[in-house]
Amino acid sequence: MKTETLDSLNKMPADKNKYPHHQEKIMKGNYAAAEGARLCRVGFVPAYPITPQTTIVERLSEMVAEEELDATYINMDSEHSVFAAAMGAAITGERVFTATAGQGLFYAHEVLQAISHFRLPMVVCNVGRPSIPWNIWSDQSDSLSQRDTGWIQFYGESSQEVLDTIIQAYVITEKMHIPVMVVLDAFYQSHTSENVWVPDQELVDQFLPPFRNSPMKVDLENPKAFGGLIPPEHYNKINYSYWKDIQAVEELSESVGEAFGKKFGRSYPNIEAVNIGPQTKLVLVTISSISSTVRGVIKQYPEVGLLKIRLFRPFPKASVRKALADLPKDAVIACVERNFLGDREGAILQEMKRALYPTDFKLYDFYAGVGGKDVPPVTIEKIIYKALHQPEEVNWADVS
Amino acid sequence: MKPALDFLIKEEQVYSGALSCRGCGWSLLARHLADILGKDTVFVVPASCFSIITGPYPLNDLKANVVHTVFAAASATATGVRAALDRQGKQNTTVAILAGDGGTFDIGFQALSGAAARGENILYICNNNGAYMNTGIQSSTATPYGAVTTTNPGQGYKRTWPKDLMGIIAAHNLPYAATASLAFMEDLRSKIKKAKNTKGFRFIMVDGPCPPGHKTEPGQSIEIGRLAVESKLFPLFEVEHQHYTINYRPDKEMPVTECMKHQGRFRHLFKEGHQHLLDEVQAHTDRYWERLLSNAAVSMPAT
């Protein structure tokens with residue numbers, strides 16, 4: 001029996017000209033994330049292992065050891081220290097990348113707040129998993145619980161999207177001085193191999209300046225104090241300017257996603273609407289890899305559409321309203337939640353209600369796949385049936 | 001013997017108007033640190049008295065960069081600053097952490113141990129005033145046995161011994177670790193200079209006078225610091241790769257009570273029926289000194 005090696009799979013005939021100046025490879029989501037960081041020429045990577053993120057920092061460590069990446073890589077003592085070191089290097093002007101998951105992100109919460117309030121540019125990947133009792137499987141409760149820390153958040157549907165979003169994220173973070181979290185799903189993405197088109201370095205360099213150039217940093221010629229006690233009137237002003245800037249992110253992100261498309265051949269809008277129009281009776285709202293499952297299922301359901309949210313923070317209110325403009329007023333919107341934030345409604349329904357208020361649409365919530373439970377097509381079909389025929393306001397799709 | 005004069009500061013590297021309490025050790029320490037370390041320094045300051053002393057926004061007491069950071073993460077933040085400076089070719093710039101005992105012994109301990117074990121090229125200064133003084137005198141693991149704090153009040157005075165942080169630090173096999181006192185300024189300055197000129201993770205713990213916390217008069221700060229060294233409550237020593245050197249051996253035996261009796265935080269120990277507690281402090285202090293002597297005796301000169 002002939003065994004297919006990764007190399008031979010890489011040599012499989014494909015549409016080689018689909019994306020010029022790219023190489024098509026087969027890689028796991030975590031490796032795609034590491035590849036994205038490498039292509040962005042990150043200079044500082046503080047690291048701490050945590051499943052299911054670990055292979056991202058392992059791969060980066062390998063890249064530094066093999067001199068594929070000119071970065072300072074430091075094994076830290078905790079995620080709190082990882083984010084604090086990231087903060088220190090970013091405030092001193094370096095382009096910073098790291099990755100974490102679940103407990104690690106929770107542990108770093110304090111520093112997430114500090115990084116955003118320092119207005120430091122950086123990109124961090126989070127591979128979602130929930131809190132104790134120990135669970136390492138796919139769940140977005142970790143990153144969604146950090147949605148109010150001031151970070152921009154993107155959720156990637158595929159490994160390709162994760163890699164491409166990291167590149168776009170550096171453009172956005174260095175323009176806005178707001179940190180960006182790029183989230184991928186545990187195992188379904190992190191440890192699953194997919195075809196990924198890896199752009200050539202030159203292409204990335206043309207899109208993202210190879211070196212970060214920021215006036216806002218520790219400067220030995222012009223010493224300053226950063227982060228000292230700040231009285232209420234000044235704190236208020238700082239938050240006001242942050243508030244103004246965060247509102248510009250939705251439009252910027254949309255234009256960066258479009259510019260990326262012109263350069264790389266793949267565009268990334270803030271949200272994606274599939275089969276949403278006058279004929280649509282039900283729209284399923286998703287983030288991350290569940291979007292792919294829904295994509296497949298709704299091919300059999302001409303009356304069901306998909307709204308995939310890619311930019312989650314700031315929530316793309318204008319994009320969502322625009323996408324639903326032609327939806328009949330009696331249509332049903334059902335949010336698929338792979339998160340539990342300790343309230344009745346999950347994170348997506350909360351945001352959708354906020355974005356659409358006031359609205360005639362009927363909005364329902366379906367918890368599905370919490371704690372990594374698989375969400376196969378049949379579960380999506382159950383959600384569709386229930387949403388169209390006998391929905392409660394909040395439903396657990398698959399509790400048995 | 002001619003008095004030593006090399007502790008005079010020729011050109012101040014701090015501005016006037018620091019927000020320290022009267023008799024606080026931080027201001028005097030910061031002046032000498034800044035004088036020796038110079039402008040080519042990035043200071044990293046976790047939550048502490050010094051974070052306030054060096055100035056709320058938009059003030060900066062120091063004429064160098066100051067990065068204020070979260071309580072638990074001074075050593076980790078400094079690691080990032082160091083890495084960035086090194087990448088920018090500024091290997092000779094000093095990165096100095098100025099932290100209190102809470103940020104060193106307690107909440108910042110893990111990050112400190114991590115950075116020390118990694119051998120980060122950082123100078124760590126701990127001003128040990130024996131409690132969380134910035135938040136109003138709460139007990140830390142540096143608080144001396146018998147001391148009263150707001151979280152060890154009255155008869156609930158602290159009944160555990162402070163953590164032997166210098167022993168723990170020494171166990172990290174650092175190129176340079178030392179204790180220092182503002183009452184021994186030449187010694188303090190020579191240690192800062194030595195630390196500045198050493199590569200790797202360097203640690204200096206300075207005895208921190210604190211009139212509001214120790215219940216002393218501001219004018220007594222230096223004198224009490226001297227008594228702490230003379231009575232061996234705060235011995236002056238250096239550890240270089242686990243080689244101990246005792247820098248000052250008191251001429252005469254001075255009981256610890258000579259230092260403690262000036263401090264209101266120990267007042268209750270001098271009441272009737274508490275002599276056995278003072279005896280315990282004396283015995284613990286003697287044992288620690290004996291251990292230092294034996295460590296110094298077996299130490300070969302550092303190479």
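Hydrogens, waters and symmetry mates are skipped; everything else that's a heavy atom, side chains included, is used. Quick note on labels: first sequence line is chain A, next is B, and so on, each numbered from 1.
Side chain to side chain, B/Gln110 and A/Ser81 fail the donor-acceptor criterion of an N or O pair below 3.5 Å.
For A/Ile230, the parts lying near chain B are the backbone and the side chain together; criterion is any non-hydrogen pair under 4.5 Å. With a 4.5 Å cut-off on non-hydrogen atoms, B/Thr93 touches chain A through its side chain but not through its backbone. Residue B/Lys90 touches chain A through its side chain alone, counting heavy-atom pairs closer than 4.5 Å.
Annotation: maximal heavy-atom pairing with chain B below 4.5 Å, among A/Ala114, A/Gly43, A/Pro46, occurs at A/Gly43. Contacts with chain B were tallied for A/Ala225, A/Ala90, A/Ala71, A/Ser78; A/Ala225 has the most, counting heavy-atom pairs under 4.5 Å. Residue with the most contacts toward chain B among A/Ala85, A/Gly227, A/Ala86: A/Ala85 (heavy-atom pairs, distance under 4.5 Å). The candidate from B/Thr41, B/Val67, B/Val70, B/Leu62 with the greatest count of non-hydrogen atom pairs under 4.5 Å with chain A is B/Val70.
The salt bridge (Lys or Arg N to Asp or Glu O under 4.0 Å) pairs that include a residue from residues 228-249 of chain A are A/Arg119-A/Asp245, where partners are two or more places apart or lie in different chains.
Under the 3.5 Å distance criterion, the side-chain polar atoms of B/Asn65 are left unmatched by any main-chain donor or acceptor of A/Val218.
Residues passing the salt bridge (Lys or Arg N to Asp or Glu O under 4.0 Å) test with B/Arg118, sequence neighbours excluded: A/Asp77, B/Glu120.
Residues of residues 189-210 of chain B placed with any heavy atom under 4.5 Å of a heavy atom in chain A are absent; none qualify. Heavy-atom proximity under 4.5 angstrom to chain A picks out B/Gly80, B/Val81, B/Ala83, B/Ala84, B/Leu85, B/Arg87, B/Gln88 from residues 80-88 of chain B.
Atom CG of B/Asp40 sits about 8.5 Å away from atom CD of A/Glu221, to the nearest 0.5 Å.
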